[in-house]
Amino acid sequence: MLTLKEIEGIFDHRTGTLKLMAMLIYGCGLRLQECLQLRLKDIDIEQNMVVVRSGKGDKDRRTVLPEVLKTTSSDTYQK
């Protein structure tokens, strides 16, 4: 188990897309492959939701999008 300071350190050493991916994996509880397969339409900022398609067991599921990721993901999309 990592402390909050250790997790922040991991995020601080990344930038751009890699930072967003690390934050999605940690904050949304995604598996690596699920994160790699995400599309823009799978992230619903208005409803704070991420739709994971064909996840484990080939099933779709929804998970919560943390508030911190709303601004981070918006900034990354615009680049």
Side-chain angles (χ1 to χ4, degrees):
M1 175 83 64
L2 298 173
T3 66
L4 184 58
K5 189 173 183 177
E6 291 170 328
I7 301 231
E8 288 173 353
I10 290 170
F11 295 154
D12 289 342
H13 283 89
R14 289 169 179 48
T15 59
T17 304
L18 291 177
K19 182 175 184 174
L20 178 60
M21 289 175 65
M23 293 175 82
L24 280 167
I25 289 170
Y26 180 77
C28 298
L30 300 180
R31 295 172 181 88
L32 178 59
Q33 194 61 31
E34 292 172 343
C35 184
L36 293 172
Q37 293 175 345
L38 274 182
R39 299 174 287 181
L40 287 177
K41 72 177 195 173
D42 295 333
I43 300 174
D44 187 347
I45 293 176
E46 292 177 6
Q47 294 186 4
N48 295 339
M49 184 182 349
V50 176
V51 178
V52 180
R53 302 187 189 280
S54 300
K56 189 174 180 181
D58 203 28
K59 296 180 182 177
D60 294 351
R61 66 183 173 97
R62 291 179 173 84
T63 186
V64 177
L65 179 66
E67 287 291 324
V68 140
L69 288 175
K70 288 175 80 171
T71 55
T72 305
S73 57
S74 294
D75 294 343
T76 304
Y77 293 157
Q78 291 174 0
K79 292 178 185 179

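All residue numbers in this chain count up from 1 along the given sequence.
- Of all non-hydrogen atoms in Arg61 and Gly29, the two that sit nearest each other are NH2-O, 3.6 Å.
- Annotation: the span from Lys70 atom NZ to Leu65 atom CG amounts to 7.5 Å, rounded to 0.5 Å.
- For residues 24-33, the pairs satisfying salt bridge (charged side-chain N to carboxylate O under 4.0 Å, His left out) are Arg31-Glu34, with sequence neighbours left out.
- Hydrophobic clustering (side-chain heavy atoms under 4.5 Å, transitive across Ile, Leu, Val, Met, Phe, Trp, Tyr) groups Leu2 together with Tyr26.
- Here the rule is side chain to side chain contact (heavy atoms under 4.5 Å, CB included) with Leu69, and of Leu20, Ile43, Val64 only Leu20 fits it.
- Evaluation of the side chain to side chain contact (heavy atoms under 4.5 Å, CB included) rule for Gln47 yields Asp44, Met49 as partners, not counting sequence neighbours.
- When all heavy atoms of Ser54 and Gln37 are compared, the pair lying nearest together is O-OE1, 4.4 Å.
- Expressed to the nearest 0.5 Å, how far CE of Met23 lies from CG of Leu18 amounts to 13.0 Å.
- Remark: Asp42 pairs with Arg39, Arg53 by the salt bridge (Lys or Arg N to Asp or Glu O under 4.0 Å) rule, at least two apart or across chains.
- Residues Cys28 and Pro66 approach most closely at SG-CD, 3.7 Å, considering heavy atoms.
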Per-pair distances, 0.1 Å, donor-acceptor, side chain in residues 5-13, under 3.5 Å, sequence neighbours excluded:
unit_1	atom_1	unit_2	atom_2	d
Glu6	OE1	Thr3	N	2.7
Glu6	OE1	Thr3	OG1	3.4
His13	ND1	Gly9	O	2.6

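- Here CD1 of Ile25 is found 10.5 Å from CD of Gln33. Values are rounded to the nearest 0.5 Å.
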